[in-house]
Amino acid sequence: MQEDITLITGANGEIGQALLRVLGADRVLALDLNPLDPALAGYYLEFIQGDILDRALLEQLGREFEIRRIYHLAAILSTKAESDPHLAHKVNVEGTMNLLNFGLAQSEHRRVQFLFPSSIAVYGLEAKEVQGPVGEDERLMPTTVYGAGKLYCERLGQHFAKQGSGLLDFRALRFPGLISAETLSAGGTTDYGPEMLHFAAAGRPYRCFVRPDTRLPFLVMPDAIRALQKLASATSLPRGAYNVTSFSPSAEELRQSVLEYFPSAEVSFEPDPDRQAMVDSWPARIDDSAARRDWGWSPEYDLQRAFAEYLVPAVSDRYLEESG
Ligand code: NAD
Ligand code: AKB
């Protein structure tokens, strides 16, 4: 039995890869449906290629490892979820239920922390009728299978935390769109933000699938990882789920930031009605004052600093290496 282990599901995803790089190696068990990027060798104790829907696999892991913390990241993101709601329900809801059962069994005799990345998709607005920041308890009327699943899983997690020994410590973060310089997401609806930048750095034209005036909250990946770690180390938490955010540009403002660094970037706007409807139902801004007050959250990167000090240097290096 290996003791004091952190389990990361969805470890090969965008957040998983970034988290693996900061957590270090010796106590991390990584799990993903797909093989792990070879560049992550050395950042984990063991990698399991497997499915969170495979309960026998989870039971076997429970016999081999004493898990103290679970970052449950495996999921189907919003655009893909809406195109295959059956798969989304299985992975996002039934898969999370499997992990919560696993966490409950692991927490029979010791505290087990369960970190769950939720989303701004839990909110449901009528064509962004609210422009001001939306707080955690407002507008919880998700319009998508993805958002409804996230909200339900937050509630399931809070319910499971009261079961059994009471030692399952469930904590959820509601992330906005995330922008990483190192990886590109696939299947999300906030993807136009990172894609605009990556395509520009790679010298490829980009057709943005939302209108120029579309405004959504964003966070860069280093801040998202910091938020997860800070939430994990917080001592007492009055809430089960917290908003975290930094900047809320319109798609046109994002294009302007991209053009500042890549003046020859070609970005056109060709809104996709289904994806536009989804982002129109999500808030333009979210209120993260509870996270600031309760566990000292604050992002390090605003829009200007994100582009100047993180995104542009790292993304330029990435495409320079790929072309060289
Ligand atoms: P991602 O799509 O990059 O990664 C998800 C990973 O889960 C993938 O590597 C995939 O192979 C794996 N996976 C999918 N189905 C699986 C299964 N059945 N069993 C095992 N692994 C499986 O997503 P991400 O951006 O890293 O997001 C991680 C979490 O954060 C998700 O829950 C997502 O909903 C949430 N989130 C992400 C964002 C964002 O902008 N990236 C914003 C809000 C919330
Ligand atoms: C998505 O677009 O699906 C994610 C999210 C906001 O949850 N980025």
Side-chain angles (χ1 to χ4, degrees), residues 7-20 29-37 40 47-55 57-58 61 70-84 87-99 102 114-123 142 144-151 153-154 157 172-180 182-195 209-210 214 216-221 223-225 227-228 241-246 248 274-276 278-279 281-283 286:
L7 169 66
I8 304 179
T9 72
N12 194 50
E14 285 212 279
I15 300 181
Q17 292 197 20
L19 191 61
L20 272 176
L29 179 61
L31 182 149
D32 202 290
L33 199 54
N34 294 308
L36 208 49
D37 187 317
L40 293 165
F47 170 64
I48 316 283
Q49 186 171 354
D51 192 331
I52 56 166
L53 297 174
D54 181 350
R55 279 185 262 169
L57 169 67
L58 295 178
L61 294 183
I70 300 167
Y71 290 94
H72 173 42
L73 311 179
I76 305 295
L77 270 69
S78 54
T79 293
K80 191 169 172 200
E82 298 318 290
S83 72
D84 193 344
L87 175 71
H89 181 82
K90 276 196 110 47
V91 175
N92 295 358
V93 177
E94 292 174 26
T96 300
M97 180 77 112
N98 288 348
L99 262 299
F102 173 77
F114 194 111
L115 290 129
F116 179 67
S118 186
S119 164
I120 51 167
V122 299
Y123 301 110
T144 58
V145 169
Y146 174 75
K150 286 289 186 194
L151 187 57
C153 288
E154 285 183 11
L173 267 187
R174 290 184 188 155
F175 279 132
L178 302 182
I179 311 183
S180 168
E182 289 80 19
T183 49
L184 248 184
S185 82
T189 317
T190 59
D191 293 4
Y192 65 87
E195 283 173 359
F209 56 80
V210 298
T214 304
L216 277 185
F218 282 95
L219 200 59
V220 288
M221 192 57 84
D223 275 336
I225 299 301
L228 272 172
Y242 285 91
N243 286 342
V244 282
T245 187
S246 179
S248 278
D274 294 336
R275 298 180 104 181
Q276 183 71 53
M278 254 189 276
V279 295
S281 76
W282 297 347
I286 50 173

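Start at 1 and go down the list; that is how both ligands and their atoms are numbered. Throughout, numbering of the chain's residues begins at 1 and tracks the sequence.
For ligand 1, none of its N or O atoms has an N or O atom of S119 under 3.5 Å away. Looking at ligand 1, you won't find any N or O of I76 less than 3.5 Å from one of its N or O atoms. Annotation: L33 places an N or O atom under 3.5 Å from an N or O atom of ligand 1; distance criterion only. Ligand 1 has a nitrogen or oxygen under 3.5 angstrom from a nitrogen or oxygen of I15. For ligand 1, the polar-atom distance check against I52 finds a nitrogen or oxygen pair separated by under 3.5 Å. Below 3.5 Å of separation, one finds an N or O of L73 facing an N or O of ligand 1. In terms of N/O distances under 3.5 Å, ligand 1 is approached by E14.
Scanning all heavy atoms of the two residues, the minimum distance from G187 to D191 falls at N-OD2, 3.4 Å. Of all the heavy atoms in A11 and A30, the pair that sits closest is CB-CB, 3.6 Å. The two residues A172 and E154 make their nearest non-hydrogen contact at CB-CG, 4.1 Å. Summarising the geometry of Y146 relative to S78, their closest heavy-atom pair is CD2-CB, 3.5 Å, with the distance given to 0.1 Å. Taking each heavy atom of V93 and G149 in turn, the nearest pair found is CG2-CA, 3.9 Å. Scanning both residues, T245 and P217, for their nearest heavy atoms gives OG1-CB, 3.4 Å.
Close approach of ligand 1 to G50 (heavy-atom distance below 4.0 Å) involves ligand atoms 19 (N), 20 (C). In summary, the atoms of ligand 1 found under 4.0 Å from a heavy atom of P176, numbered by their order in the structure, are 40 (O), 42 (C), 43 (C). Residue contact check: S118 has heavy atoms under 4.0 Å from atoms 43 (C), 44 (C) of ligand 1. Those atoms of ligand 1 that come under 4.0 Å of a heavy atom in G10, given as number and element, are 6 (C), 7 (O), 12 (C). Per-residue contacts place F175 under 4.0 angstrom from the following atoms of ligand 1 (heavy atoms of the residue considered): 42 (C), 43 (C), 44 (C). Close approach to G188 involves these atoms of ligand 2, each under 4.0 Å from a residue heavy atom: 1 (C), 2 (O), 3 (O). Of all the atoms in ligand 1, the ones that sit under 4.0 Å from a non-hydrogen atom of Y146 are 33 (C), 34 (O), 36 (N), 44 (C).
Summary of contacts: the protein heavy atom closest to atom 9 (O) of ligand 1 is D32 OD2, 2.7 Å. Annotation: atom 4 (O) of ligand 1 to nearest protein heavy atom, G13 CA, 3.1 Å. Ranking protein heavy atoms by distance to atom 1 (C) of ligand 2, first place goes to S78 OG, 3.2 Å. In terms of protein heavy-atom proximity, atom 8 (N) of ligand 2 is nearest to T190 OG1, 2.8 Å. For atom 2 (O) of ligand 2, the nearest non-hydrogen atom of the protein is T189 N, 2.6 Å. In this structure, the protein non-hydrogen atom closest to atom 5 (C) of ligand 1 is A75 O, 3.9 Å. The protein heavy-atom contact nearest to atom 5 (C) of ligand 2 is S119 OG, 3.4 Å. Protein heavy atom at the shortest distance from atom 13 (N) of ligand 1 is A74 CB, 4.0 Å. Atom 15 (N) of ligand 1 has its closest protein heavy atom at V91 CG1, 3.8 Å.
For the ligand labelled ligand 1, residue S78 lies outside the 4.0 Å heavy-atom shell. Residue contacts with ligand 1 include K150, since one or more of its heavy atoms lies under 4.0 Å from the ligand.
With rounding to the nearest 0.5 angstrom, the CZ atom of F218 is 7.5 Å from the CD1 atom of I120. We find the OG-CD distance between S180 and Q17 to be 8.5 Å, quoted to the nearest 0.5 Å. Here the straight-line distance linking atom CD1 of I48 with atom CG of D32 works out to 11.5 Å at 0.5 Å rounding. Once rounded to the nearest 0.5 Å, the distance linking CZ of F47 with CG of L31 reads 7.0 Å. Between the CG atom of L53 and the CG atom of L58 there is a distance of 9.0 Å, given to the nearest 0.5 Å. Distance check: T79 OG1 to D84 CG gives 13.0 Å after rounding to the nearest 0.5 Å.
Remark: among candidates P117, A224, A18, A11, the nearest residue to atom 35 (C) of ligand 1 is P117, based on non-hydrogen atoms. Of the candidates Y192, Y146, F175, Y146 brings a heavy atom nearest to atom 7 (O) of ligand 2. Looking at T190, L178, D51 and measuring to atom 38 (C) of ligand 1, the nearest heavy atom belongs to L178.
Side-chain atoms of R275 and Y192 include no donor-acceptor pair closer than 3.5 Å.
Exactly one of I76, T144, T189 qualifies for a side-chain contact (heavy atoms from CB on, under 4.5 Å) with E82. That residue is T144.
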Inset, instruction - Go through the steps to decide whether I15 and F175 satisfy the test side chain to side chain contact (heavy atoms under 4.5 Å, CB included), and finish with yes or no. - result: CA-CA 11 Å; I15 300 181; F175 279 132; 4.0 Å; yes
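Contact annotation for L77 and ligand 1: only side-chain heavy atoms (C-beta onward) come within less than 4.0 Å of the ligand.
The main-chain N or O of D37 is found under 3.5 Å from a side-chain atom of N12 such that the two form a donor-acceptor pair.
Contact of the L173 side chain with the L115 side chain is not registered, since no non-hydrogen atoms from C-beta on lie closer than 4.5 Å.
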